[in-house]
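One is the number of the first residue; the rest follow in order along the sequence.
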Amino acid sequence: SRIISEVGAMLIIGGNIRWQTRVLTTSIVNELESGVISMAIALGVILVFFAVMFNVILISLQSGSNFISNNTRIKISNYFIKKEIKNISIDENFDFINSFPISEEFSIDLSEIKYSPSKEFELVVPKFQISNNNIIGITGHNSSGKTTFLRLLANDITQDSGSREISKGSLVIESLPQRPLLFKTSVFNNLKYALNDSKESKETKISKLWFIAEYFNLKEYFGYPINLLSRGNQNKVAIARSFLMSNISLYLLDEIFVNLDSDSVEKTQLLIKNFKSLNKSFIIVTHNVTILSNLSDNNYNFNKGLLNSS
């Protein structure tokens with residue numbers, strides 16, 4: 001049974017040379033075979049102690065626990081980040097936009113949609129259509145139905161009545177809500193999450209991540225736990241992570257410009273325009289009509305649950 005265990009693996013590759021390659025687990029086996037039970041138990045206790053402490057440190061780093069100071073957490077995170085990218089050649093002139101594929105054709109047609117989550121509110125969409133290479137802006141007062149409409153498009157909720165037709169090749173929707181879900185880990189790990197399913201080389205993945213981090217001035221925060229960032233920087237991390245995903249056809253953006261400085265707003269708008277050239281589409285919910293005037297092809301307005309063309 002040893003040859004399929006960690007101890008057996010160490011023995012097979014020559015990991016039991018005293019003072020050179022011997023490790024705690026193989027030492028425990030040696031002491032047991034020599035009949036020195038007390039030493040084997042002592043080494044086992046030491047092994048368990050290190051295992052527990054290592055897990056406590058990792059959990060503290062990920063959860064934002066006060067067990068470790070913020071500065072220590074940042075230093076530890078930066079150490080592992082540097083170790084991860086140490087032997088990777090990062091392309092400083094990486095062509096970010098052209099590293100993404102052209103999206104397949106799709107269309108979504110809604111007709112006579114009604115949705116009533118309560119007696120006090122009813123969402124009504126007489127007619128709505130979106131296809132590739134399109135940016136649609138949606139405005140409206142608070143609680144007028146904008147976010148509910150995005151959830152309906154994302155299939156988070158189902159209409160009570162009406163027609164919903166999707167013609168697609170490979171339609172993948174990315175929803176970026178007002179309060180995006182960010183993991184309780186470092187900025188670097190939050191961004192890297194978007195690349196987990198990518199089949200690209202590690203060099204390409206890291207070059208993409210490096211580019212978007214520099215673009216939004218996030219590199220200096222790589223090792224920071226996400227909870228230490230301002231709301232504006234958290235928004236930038238969420239936006240950057242969404243634009244790192246390679247197979248998205250339609251982006252549903254709900255008030256993503258809130259808390260962003262003017263420079264980040266301009267950069268986000270430019271990114272949206274460039275991604276549109278890749279046959280991607282966007283539905284942007286915002287109260288900022290100036291932004292929509294710079295971006296959108298068509299605008300809609302919600303008034304007490306009713307969608308109207310502007």
Side-chain angles (χ1 to χ4, degrees), residues 6 9-10 12-13 15 21 23 51 54-55 57-64 72-104 170-176 180-229 233-251 264 267-268 270-272 274-275 277-280:
E6 184 272 338
M10 292 303 297
I12 287 170
I13 63 174
T21 59
V23 295
F54 185 71
N55 278 281
I57 290 171
L58 286 180
I59 292 169
S60 298
L61 285 171
Q62 294 175 349
S63 66
T72 302
R73 292 215 307 274
I74 293 169
K75 288 178 181 177
I76 294 173
S77 292
N78 282 331
Y79 168 79
F80 283 111
I81 292 167
K82 289 178 181 177
K83 189 174 181 180
E84 182 171 350
I85 66 176
K86 181 179 179 181
N87 297 317
I88 295 176
S89 178
I90 297 171
D91 185 356
E92 298 291 346
N93 300 310
F94 187 72
D95 190 350
F96 183 75
I97 299 300
N98 290 323
S99 69
F100 291 88
I102 302 294
S103 293
E104 295 184 29
S170 177
L171 175 60
V172 180
I173 298 175
E174 164 67 1
S175 295
L176 193 54
L181 172 65
L182 294 169
F183 303 110
K184 292 182 178 180
T185 182
S186 67
V187 169
F188 182 85
N189 285 336
N190 265 280
L191 294 176
K192 194 174 71 169
Y193 172 80
L195 301 167
N196 282 349
D197 294 330
S198 172
K199 296 180 180 178
E200 298 165 310
S201 68
K202 194 167 185 179
E203 285 75 14
T204 300
K205 290 180 183 180
I206 296 299
S207 292
K208 276 186 175 182
L209 191 155
W210 204 263
F211 175 91
I212 202 73
E214 280 193 333
Y215 188 78
F216 282 113
N217 301 317
L218 293 170
K219 261 178 62 179
E220 63 183 290
Y221 301 109
F222 266 171
Y224 279 59
I226 201 69
N227 62 298
L228 294 186
L229 268 60
N233 277 330
Q234 287 184 16
N235 275 16
K236 287 198 289 184
V237 172
I239 293 168
R241 189 175 66 185
S242 289
F243 281 101
L244 279 172
M245 298 180 184
S246 61
N247 60 342
I248 308 301
S249 303
L250 174 62
Y251 293 81
S264 298
K267 287 181 175 180
T268 303
L270 180 59
L271 210 52
I272 290 172
N274 286 332
F275 267 61
S277 69
L278 298 173
N279 223 23
K280 299 178 186 295

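- Partners of S103 under the side-chain contact (heavy atoms from CB on, under 4.5 Å) rule, at least two apart in sequence or in another chain, are N132, S249, N279, K280.
- At least one donor-acceptor pair closer than 3.5 Å links the side chain of Q234 to the backbone N or O of I226.
- I81 is not listed as a side-chain neighbour of E84, based on a closest heavy-atom distance of 4.5 Å or more.
- The shortest heavy-atom contact between I74 and P225 is CG1-CD, 3.9 Å.
- Panel note: side chain K267, backbone F216; no donor-acceptor pair is recorded below 3.5 Å.
- Closest heavy-atom contact between F275 and I97: CE1-CD1, 3.6 Å.
- In this structure, the side-chain contact (heavy atoms from CB on, under 4.5 Å) partners of Y193, at least two apart in sequence or on a different chain, are F183, N196, R241.
- Annotation: side chain of S198 is not in contact with side chain of K208 (no heavy-atom distance under 4.5 Å).
- Classification of the Y224-Y221 ring pair by plane angle, with boundaries at 30° and 60°, yields perpendicular.
- Separation of the W210 and F96 ring centroids does not fall under the 6.0 Å cut-off.
- With contacts defined as side-chain heavy-atom distances shorter than 4.5 Å, the pair I206/S89 does not qualify.
- For the pair F188 and L209, the minimum side-chain heavy-atom distance is below 4.5 Å.
- The two residues L195 and L244 make their nearest non-hydrogen contact at CD2-O, 3.6 Å.
- A distance of 8.0 Å separates OG in S175 from CG in L250, rounded to the nearest 0.5 Å.
- Of the inter-residue distances, the one linking L271 atom CG with F243 atom CZ reads 4.5 Å to the nearest 0.5 angstrom.
- Taking all atoms of both residues into account, the shortest heavy-atom contact from I90 to S207 is CA-OG, 3.9 Å.
- Atoms CD and CG, on E104 and N247 in that order, are 10.5 Å from each other to the nearest 0.5 Å.
- Judged purely by distance below 3.5 Å, without hydrogens or angles, the side chains of N78 and K75 never pair a donor atom with an acceptor atom.
- Using a 4.5 Å heavy-atom threshold, the side chains of I85 and F222 count as separate.
- S201 contributes atom OG, which lies 9.0 Å from atom CD1 of I88 (distance to the nearest 0.5 angstrom).
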K219 vs E214, salt bridge (charged side-chain N to carboxylate O under 4.0 Å, His left out): CA-CA, chis, key distance, verdict:
CA-CA 6 Å; K219 261 178 62 179; E214 280 193 333; 3.1 Å; yes
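- The two residues Y251 and S242 make their nearest non-hydrogen contact at CE2-O, 3.7 Å.
- Atom CG of residue L218 and atom CG of residue L191 lie 6.5 Å apart, to the nearest 0.5 angstrom.
- In this structure, OG in S186 is found 12.0 Å from CD1 in I76, a value given to the nearest 0.5 Å.
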